*Asks:* 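Quick one: the structure is below, and I'll ask about it shortly.
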Protein chains: 2
Amino acid sequence: MNQFASLINKTLDSQVYPKQPRGLYEPIAYTLSGGGKRLRPSLMLLCYSLYKTDFDTVLPAAIGLETYHNHTLLHDDLMDSAEVRRGMPTVHRKWNANTAILSGDTMLIQAVTKVNECQCPRKDEVMELFLKTCREVCEGQQYDMNFESRTDVSIDEYIEMIRLKTAVLVACAAKMGGMIANAPEVECEMLYSFAEKVGLAFQLQDDYLDVYGDPLVFGKKIGGDILCGKKTLLLINAFNLSNEKQRNELHRLIESKDIPDAEKIAGVTKIYNDLHIPEISNEMISAYYDDARNIYETLPLPEHVKEPLWQWAIDLLGRNY
Amino acid sequence: MNQFASLINKTLDSQVYPKQPRGLYEPIAYTLSGGGKRLRPSLMLLCYSLYKTDFDTVLPAAIGLETYHNHTLLHDDLMDSAEVRRGMPTVHRKWNANTAILSGDTMLIQAVTKVNECQCPRKDEVMELFLKTCREVCEGQQYDMNFESRTDVSIDEYIEMIRLKTAVLVACAAKMGGMIANAPEVECEMLYSFAEKVGLAFQLQDDYLDVYGDPLVFGKKIGGDILCGKKTLLLINAFNLSNEKQRNELHRLIESKDIPDAEKIAGVTKIYNDLHIPEISNEMISAYYDDARNIYETLPLPEHVKEPLWQWAIDLLGRNY
């Protein structure tokens, strides 16, 4: 994966922005040079590389997709009042809210402009898929905001939210790689579904690891979601399966401002364990992982050609189920 | 012009939005059904009609341009903390800031999607012109915000700001109409320049009429720009031409919070009159008007065909210089 991410970073670093107005373009350069795993554009290059090796055709679209992803982070951080992103102050903190709005808008325009630079026979379809995906990502963000004030979110609603908010953009990246390489449509669809399932497994696993992960491997403090009362796969499962006493205790622990952090985390985790939430959640994650594996196996490419795709899934999910 | 605006309104009214998530799509329908003159898409249809009469080919792009314009109003209103737009509460007042950000983003995606639906031989160029224009409009808004905290804005800077913020989108509308009708490139360029000059004349005239207009014809209270200390063509000209005593008096009048409104307006207007600002400003407006007329006259179309274009300029500017 590293070679693809390096190529993306090299291309991003060589981008030239207009000098004026500085207040518009500096925050864009700041956001795009802020690092990140370049997961989506790297996957696009990887899927393209299953069919072709000349990356010039796919690079503009890959940069467009990464620019779009960073546009969503910039505006989401403003909407969530987040202070820090990748260890740096967010744009609305370093500058102000208006700068975040307008530079974010300009990034969205820049993202579409890069995708529109794509020169390939299926250009129209590439653009349609990209714009449809952008719309879905907005829908996902809206559902996510709606869920904050709801306590009756179902598992199906939750999964549809994370599918829209995160999985479709990963899936779009994979399919665009295939489309731009002029791969057969049926294989492009398989790349989409494969990446969508891996994306869902990754997000659901993130919820699981927040409570049950090894903090050294996970890279974040354990229990963060519990402390901020986030509706995760675990909490929604727990609300659905708990009896009245357990449900009241969950509400008390999550909503209280007086209970110490460690006690909150221990209390919620005990209820999760009593209800077998880790096993149930792991089964759901494994189901998406298995779906992805099945799609991978039916992808009609020689094993030595397609193998990097499975390696990507293992690297992302950090385990071989 | 009315037939074109009616066609735009009819098309906008027949648009179907996804039912869910309501919090995302209701503000978009609210914004696009809020009326307005439909100036830009009507001009696109008018320019198209100089060459062709089948409007199906041009309508998606016209709707896209109007959707983009309304996206900018939605986000600008949020950035300016405006309470009312076209007699209705702005989106961030009726809902909230996050709704305005996310629905505005979705409108921008929808705008590009509509322009991308355009089926014409010059589709790629149409999209490139549209995206370039969107970027310029963002630059214009950034300059406008920058100018609020500056007192040394030059006339050239001011005109470049209003060119980017408003004239290029009117010009883009005119040129897209010609391009989609497959008009010769030289005529498309003339349509662009013509509309750009009319757009500049219109914006500068708006500054003039704010002080010297007939309130019954102008439709707004006289002196509004003076009361909010807005840097207009008149004020910038006055700062450039005033002696030290007059400049101090201008600063005192504009910055004071104690002077009654009527006294402020009378005081600033007296300085404007002493400095012959109305005559100087009118000459600048007339120069753009004359530029537009010259371009119109060289447009190689029969007079009876192109005459509606000049009628449009007269209607917009409300006078025949």
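Nothing here was measured: the structure is a model prediction, and the numbers come from that model. Chain naming here is simple, since letters A, B, ... match the order of the sequence lines and numbering starts at 1 in each.
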*Asks:* Decide, yes or no, whether a salt bridge links B/K175 with B/E185 under the criterion of side-chain N to carboxylate O below 4.0 Å.
*Replies:*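 Yes.
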*Asks:* Please test B/I63 against B/L32 for side-chain contact (heavy atoms from CB on, under 4.5 Å), starting from the C-alpha separation and ending with a verdict.
*Replies:* CA-CA 10 Å; B/I63 296 297; B/L32 282 174; over 6 Å; no
*Asks:* State, with a plain yes or no, whether a side-chain heavy atom of B/E196 is found less than 4.5 Å away from one of B/V170.
*Replies:*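 No, every pair of side-chain atoms sits at 4.5 Å or beyond.
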*Asks:* Do side-chain atoms of A/K52 reach the backbone of A/V58 as a donor and acceptor pair under 3.5 angstrom?
*Replies:*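 Here the side-chain-to-backbone pair does not exist.
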*Asks:* Looking at B/E136 and B/K132, is any side-chain nitrogen of the basic one under 4.0 Å from a carboxylate oxygen of the acidic one?
*Replies:*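 Yes, B/K132 and B/E136 are salt-bridged.
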*Asks:* Short question: side chain of B/D207, backbone of B/T232 - any donor-acceptor pair under 3.5 Å?
*Replies:*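 Answer holds: no.
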*Asks:* Does the side chain to side chain donor-acceptor pair (under 3.5 Å) test come out yes or no for A/N70 and A/E66, once each step is laid out?
*Replies:* CA-CA 6 Å; A/N70 280 270; A/E66 181 66 6; 3.2 Å; yes
*Asks:* Anything in residues 22-31 of chain B with a heavy-atom distance to chain A below 4.5 Å? Please list those residues in order.
*Replies:*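 At a heavy-atom separation under 4.5 Å, chain A is reached by B/G23, B/L24, B/Y25.
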*Asks:* Between the side chain of A/D80 and the main-chain N/O of A/A82, is any donor-acceptor distance below 3.5 Å?
*Replies:*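 Here the side-chain-to-backbone pair does not exist.
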*Asks:* Using modelled atom types and a 3.5 Å cut-off, is there a donor and acceptor pairing between side-chain atoms of A/Y143 and backbone atoms of A/E160?
*Replies:*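 Here the side-chain-to-backbone pair does not exist.
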*Asks:* Is any residue of residues 96-125 of chain B within less than 4.5 Å of chain A by heavy atoms, and which ones?
*Replies:*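 Near chain A, by residue number: B/N98, B/I101, B/L102, B/D105, B/T106, B/L108, B/I109, B/V112, B/T113, B/N116, B/K123, B/D124.
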